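As structure tokens, the structure follows; a few thoughts come after it.
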Amino acid sequence: MRTISHFIDGALVPGDSGRFGDVFDPNTGQVQAQVALASTEDVNRAVEAAARAFPAWSATNPQRRARVMFAFKALVEKHMDELAELLSSEHGKVVADSRGDVQRGLDVVEFACGIPHLQKGEYTEGAGPGIDVYSMRQPIGVGAGITPFNFPAMIPMWMFAVAIACGNTFVLKPSEKDPSVPVRLAELFMEAGGPPGVLNVVHGDKVAVDAILTHPEIRGVSFVGSSDIAQYVYSTGTAHGKRVQAMGGAKNHGIILPDANMDQAVKDIVGAAFGSAGERCMALPVAVPVGDRTADAFIERMSEEINNLRVGTSTDPDAHYGPVVSAAHKAKIENYIEMGVNEGADLLIDGRGLVMQGHEDGFFIGPSLFDRVEPGMKTYDEEIFGPVLQIVRAETLEEAVSYPTNHQYGNGVALFTSNGRAARAFAAKVNVGMVGINVPIPVPVSYHTFGGWKRSAFGDTNQHGPEGVRFWTKIKTVTQRWPEGDIGDQAFVIPTMG
Ligand code: NAD
């Protein structure tokens, strides 16, 4: 059976833990490979390689670092089909969606190509007599990224593209469920001219994560995953003196006002709720129609759309979505559906029990639709992360806005309306980090910044955009004095520029 190795100091390394994890093909339900699970020593080796590479890489001028990023971008584009197919074979999302996963990561690589401009400091001439003040953004050292299964190309690139362009070296610990694409990305980075040790990949579970969080040489940790783990990573990493940004789970709402273009809203929401089998942190699993007439019209149109959805294998070009990532995740989603029924919500469409002919053991699950879901139900309060759309009815816009505002998660939210004033007030007021107005999945472009609020993010800087550059650099401010003539008396009071 194929084994998936770590990538340390520019080479594939099997590791010496003797522990392996199963990597499944979600289409067939069969184990297709074994991934090495790192020991603490394996992580230490990766960190040592990154630390060795840091002095030369951080001293490489920013144009040269950008040139490696340009070459990397071209290579990833050249290998797009291979990467997308590999990604789909381990994740289960359809190949077209995997291409999007790679492309959204490449967008951040493109952003990172602008590092000579992005990392410029500031300068004040004449802050006092003969005094100038300037600041520079220096890389923090060895950075680490810990990533989830659902975007195995995009999320690693969010992190390492910006970190490395800033002059840091990097240790990536991707999800052990779909680990192959991150290794290919590291190989392509080397082929693009990245020196050995600048980008390392270690696979693993909690052992590897804890080794990263406690390693004194690692200065910054970026995490994306579920909220309880995000909180653990944040508190453990910061307790060990690191800067940490940790993005967590989500439960995004889409509010539909009576004046919305209903056809457009339904088409948008069906894609946002069921695309990638709902395994997106910016999926839209909760629809909040305002008024019963809106709700009834929404349900009628949405039911038609759902009945036309095609679930298929990840290689089926006509499939809207493929299998979920694992048998355990499929069982978890089905349990939530059962729980929703027991909690008193109306299950209008039941996606359980879907059998894919020829792929009977695959992790397929059909689309489900619930009506009359309410806060306080566990199935509403928690993230399901599957192809399940829940409808929460509201009487007024104020009531509708209160749902995402009061929810424990605050990643994304969308409003569907033709009323600009309502949209403007909504965007200003709602207690959520990323807002879409007639946009169902408001993932910001790479030169803005990605991050939620409340239990969707721990730490105070976001991914990519200028915030990403801030996270991966530390600022140093220099005050220099080149006085003309006499330098004046000794001063025992705090100097002022008066
Ligand atoms: P996960 O939390 O299970 O795993 C994320 C990472 O943490 C993986 O690398 C995993 O190996 C590691 N990990 C798992 N258990 C651990 C433990 N006990 N101790 C230390 N490390 C551990 O998440 P997942 O299932 O891979 O991904 C889905 C989750 O990620 C969802 O909750 C989704 O909303 C969230 N997500 C959030 C964003 C965002 O930007 N907010 C983006 C994508 C996914």
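Because the structure is predicted, anything quoted here is derived from the model rather than measured. Ligands are counted one by one from 1 in listed order, and the atoms in each one are counted from 1 as well.
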Consider ligand 1: state whether an atom of it lies below 4.0 angstrom from any non-hydrogen atom of Ala457.
no

Near Cys281 (heavy-atom distance under 4.0 Å), the atoms of ligand 1 are 34 (O), 36 (N), 37 (C), 38 (C), 39 (C), 40 (O), 42 (C), 43 (C), 44 (C)

Establish, yes or no, whether the cationic atom of Lys93 lies under 6.0 Å from the six-membered ring centre of Phe151 and within 45° of the ring axis.
-> yes

Near Gly204 (heavy-atom distance under 4.0 Å), the atoms of ligand 1 are 11 (O)

A student comparing Val209, Val443, Ile229, Val207 should find that the heavy atom closest to atom 15 (N) of ligand 1 comes from Ile229

Within 4.0 Å of some non-hydrogen atom of Met247, the atoms of ligand 1 are 39 (C), 40 (O), 41 (N)

Of all protein heavy atoms, the one nearest atom 44 (C) of ligand 1 is Asn150 OD1, 3.2 Å

Among non-hydrogen protein atoms, atom 27 (O) of ligand 1 lies closest to Pro148 CB, 3.2 Å

- Heavy atom of Gly452, distance to ligand 1 below 4.0 Å: no

Between the SG atom in Cys113 and the NZ atom in Lys73, the distance rounded to the nearest 0.5 Å is 7.0 Å

shortest atom 19 (N) of ligand 1-to-protein heavy-atom contact is with Lys206 CG, 3.5 Å

dist Phe160:CZ -> Ile164:CD1 (nearest 0.5 Å) comes out at 6.0 Å

Near Val224 (heavy-atom distance under 4.0 Å), the atoms of ligand 1 are 5 (C), 36 (N), 37 (C), 38 (C), 39 (C), 40 (O), 42 (C), 43 (C), 44 (C)

Result for ring pair (Phe, Tyr, Trp, His ring centres under 6.0 Å) between His253 and one of Tyr409, Phe426, Phe416, Tyr380 points to Tyr380

Legend entry - Under 3.5 Å: donor-acceptor pair, side chain of Asp316, backbone of Thr313: no

In terms of heavy-atom contacts, Val224 and Pro148 come closest through O-CD, 3.1 Å

Note: ligand 1 atoms sitting under 4.0 Å from heavy atoms of Phe450 are 39 (C), 40 (O)

Nearest heavy atom to atom 7 (O) of ligand 1, choosing from Phe223, Phe385, Phe149, belongs to Phe223

What I want to know is whether Ser226 and ligand 1 share at least one N or O pair that is separated by under 3.5 angstrom. yes

Between Val341 and Phe370, does a side-chain contact (heavy atoms from CB on, under 4.5 Å) hold up when you go through it step by step?
CA-CA 9 Å; Val341 173; Phe370 273 106; 4.2 Å; yes

Counting from 1 in the order shown, the ligand 1 atoms closer than 4.0 Å to a non-hydrogen atom of Gly249 are 32 (O), 34 (O)

Exercise for review: Indicate whether atom 4 (O) of ligand 1 is within a distance of less than 4.0 angstrom of some protein heavy atom.
Suggested key: no

Q. Can you find a pair of side-chain heavy atoms, one from Val373 and one from Val286, that are under 4.5 Å apart?
A. no

Quick look: Glu383 vs ligand 1, heavy-atom contacts under 4.0 Å, and the answer is side chain

Residue, atom and distance of the protein heavy atom nearest atom 35 (C) of ligand 1 read Gly225 O, 3.1 Å

CE of Met157 to CD of Gln103, rounded to nearest 0.5 Å, is 8.5 Å

A student checking ligand 1 against Ile155 at a 4.0 Å heavy-atom cut-off should list atoms 42 (C), 43 (C)

The answer for which part of Thr147 has a heavy atom under 4.0 Å from ligand 1 is backbone

Taking every heavy atom of Met282 against every heavy atom of Val443, the minimum-distance pair comes out as CG-CG2, 3.7 Å

Give a yes or no on whether Arg352 atom CZ has more than 12 heavy-atom contacts from other residues, nucleotides or ligands under 6.0 Å away. yes

The answer for which part of Asp210 has a heavy atom under 4.0 Å from ligand 1 is neither

Between Pro152 and Val181, the two heavy atoms sitting closest are O-CG1, 4.1 Å

With heavy atoms and a 4.0 Å threshold, my read on which part of Glu176 contacts ligand 1 is side chain

When you compare ligand 1 with Trp158, is there at least one nitrogen or oxygen pair between them that comes in under 3.5 angstrom?
no

Heavy-atom side-chain contact between Pro367 and Val311 under 4.5 Å: yes

### Task
Report yes if Gly248 has an N/O atom closer than 3.5 Å to an N/O atom of ligand 1; otherwise report no.
yes

Taking the six-membered ring for Trp and the single ring otherwise, decide whether the centroids of Trp57 and Phe170 are under 6.0 Å apart. no

